[in-house]
**Student:** 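My questions will all concern the structure given below.
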There are 2 protein chains.
Amino acid sequence: MALFSSGIEYGIHSLMLLTDSKGTLRDMSVRDLAELQGVPYDYLGKIFTKLSKANLVKSTEGKGGGFRLARSPEHITILDITEAIDGKKRIFECKEIRQNMALFEQGVPQWACSGVCGVHRVMNVAQERMEAALAQQTILDLTRQTARKAPDEFEIDVQEWVTSRR
Amino acid sequence: MALFSSGIEYGIHSLMLLTDSKGTLRDMSVRDLAELQGVPYDYLGKIFTKLSKANLVKSTEGKGGGFRLARSPEHITILDITEAIDGKKRIFECKEIRQNMALFEQGVPQWACSGVCGVHRVMNVAQERMEAALAQQTILDLTRQTARKAPDEFEIDVQEWVTSRR
DNA sequence: GCGATGTTACTCGGATACTAACTGTCCGAGTAAGCCAGG
DNA sequence: CCTGGCTTACTCGGACAGTTAGTATCCGAGTAACATCGC
């Protein structure tokens, strides 16, 4: 299994729909987001609850309600989203097997359990590198990037689809 | 769950035991490795089969047999090991949900499916950064690092424990 | 002595449980907006 | 009118089932070193 759940994919793509390439925010309900993207509705609901708890989106309840970005899209990074949805996921979980050494029957010596184990340290560095890359890209970056690929009318089509459902 | 299985931890620590801080190789059986480290024997066996198939270790069958590093420890990187044991694991698996857009009922336009999706691209960069970090550290690096922490007698103790079992 | 035979300690591979996490679905509660009927 | 109740469309939260991957265990086959026994 991959490190990041597919909920991450749903989440990021959904947040990208809550803004356009100019950074203008858009309000949408989970139902609309799910249907527009062909993604399971209930499941996407759970994801938005998490995004909301992490203060990445703001909800308005009741009829006509929905979600909108809680901050401007250039201040929401991909790392923010992954941590909001999947929690702080680690590449590697150290089990401290260095303390199980048969040689340590009389008790684990101090040098063997102090500090971070060598394997763990390497993994931590790798994880930091990965997270730095994820923190470098924002929702706005991604939205702009895809807008550049799509024809101009696409953003208009999306907007029309959304308003036609109110 | 973490990206890397705990088999990775077992594997790396085991390979570290097949050398010392001077880069001298050591032959050990899976049983010895498992007992010395307090790790499940059968499970570690499976891991070494994978390491063997990836040509990181060489096996000698029959009584008195065991495993030894197939190359010198400064030429075995952590990335080599993770890929040998867990296969080439991806941080993220793109489901191409961009192609599910309700707007594309008449068929997915070319711009929407060509090239890598934006989210996917970010994830790929992050993954490359992570792998670069893992490829930078070798078994010898790690062995040296822990040897620096441990008292000098520790390497001797290990060697004695191993020879005492032959 | 010395060759055949058996025993032991290994590497391999397959089969199988158990567990945890991910994915997805169902349902009920609360809330806000709009509609509609009765005064 | 206009006010109170009804309907609708949302957000939330809990519960649950199906699937998959990781972890671990068991067992049998093949192989090589060594010991043992009969001649």
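Letters A, B, ... mirror the listed sequences (proteins, then strands); counts begin at 1. Note that these values count all heavy atoms, side chains included, but never hydrogens, waters or copies made by symmetry.
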**Student:** Can you see if the side chain of A:Y43 gets near the phosphate of C:dC22 - specifically, an N or O under 4.0 Å from OP1 or OP2?
**Tutor:** no
**Student:** So which protein nitrogen or oxygen atoms get under 3.5 Å of nucleotides 15-21 of chain C's nitrogens or oxygens?
**Tutor:**
none

**Student:** Please determine if a side-chain N or O atom of A:S6 lies less than 4.0 Å away from the OP1 or OP2 oxygen of C:dT23.
**Tutor:**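 So the side chain of A:S6 is within the cut-off, an N or O lying under 4.0 Å from OP1 or OP2 of C:dT23.
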**Student:** Can I get a per-line list of side-chain donor-acceptor pairs under 3.5 Å for residues 53-60 of chain A, giving both atom names and the distance, sequence neighbours left out?
**Tutor:**
from	atom 1	to	atom 2	distance (Å)
A:T60	OG1	A:G66	N	3.3

**Student:** Would A:R26 and A:E155 satisfy salt bridge (Lys or Arg N to Asp or Glu O under 4.0 Å), going step by step from the backbone distance to the final call?
**Tutor:** CA-CA 12 Å; A:R26 175 163 38 217; A:E155 278 201 344; over 6 Å; no
**Student:** Pick base, sugar-phosphate or nothing for B:G45, based on heavy-atom distances below 4.0 Å to the nucleic acid.
**Tutor:**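 Result for B:G45 = nothing.
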**Student:** Using 4.0 Å as the upper bound for N to carboxylate O, is an ion pair formed by B:E35 and B:R165?
**Tutor:** yes
**Student:** Check the surroundings of atom CZ in A:R90: do more than 12 heavy atoms from other residues, nucleotides or ligands lie under 6.0 Å from it?
**Tutor:**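 No - once you tally the heavy atoms of other residues, nucleotides and ligands closer than 6.0 Å, there are 12 at most.
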**Student:** Please check if the distance between the ring centroids of B:F92 and A:F4 is under 6.0 Å.
**Tutor:** no
**Student:** Can you give me the N/O atom pairs linking the protein to nucleotides 32-35 of chain C at distances under 3.5 Å, or say none if there are none?
**Tutor:**
from	atom 1	to	atom 2	distance (Å)
C:dA32	N3	A:K63	N	3.4

**Student:** Under 4.0 Å from a heavy atom of chain B: give me the 5'-most and 3'-most nucleotides of DNA chain D that qualify.
**Tutor:** D:dG22 to D:dA33
**Student:** Under 4.0 Å between a side-chain nitrogen and a carboxylate oxygen: does that hold for B:E9 and A:K95?
**Tutor:**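 Salt bridge: no.
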**Student:** Give every donor-acceptor pair under 3.5 Å between a side-chain atom in residues 105-115 of chain B and any protein atom, sequence neighbours left out.
**Tutor:**
none

**Student:** Is the closest basic N to carboxylate O distance between A:R71 and A:D80 below 4.0 Å?
**Tutor:**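 A salt bridge links A:R71 with A:D80.
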**Student:** Would you mind telling me which residue lines up with the more 5' stretch of DNA chain C, B:K95 or B:R31, judged by nearest nucleotide?
**Tutor:** B:R31
**Student:** Short of 4.0 Å, heavy atom to strand atom, which residues of residues 47-58 of chain A count as contacting DNA chain D?
**Tutor:**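 Of all residues in residues 47-58 of chain A, the ones placing a heavy atom under 4.0 Å from DNA chain D are A:T49, A:K53.
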**Student:** Could you tell me whether the side chain of B:S14 reaches within less than 4.5 Å of the side chain of B:L44, counting heavy atoms only?
**Tutor:**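 The answer is yes; the side chains approach within 4.5 Å.
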**Student:** What I'd like to find out is whether the side chain of B:T138 reaches to under 4.5 Å of the side chain of B:H75, using heavy atoms alone.
**Tutor:** no
**Student:** Is the closest basic N to carboxylate O distance between B:E128 and A:R129 below 4.0 Å?
**Tutor:** no
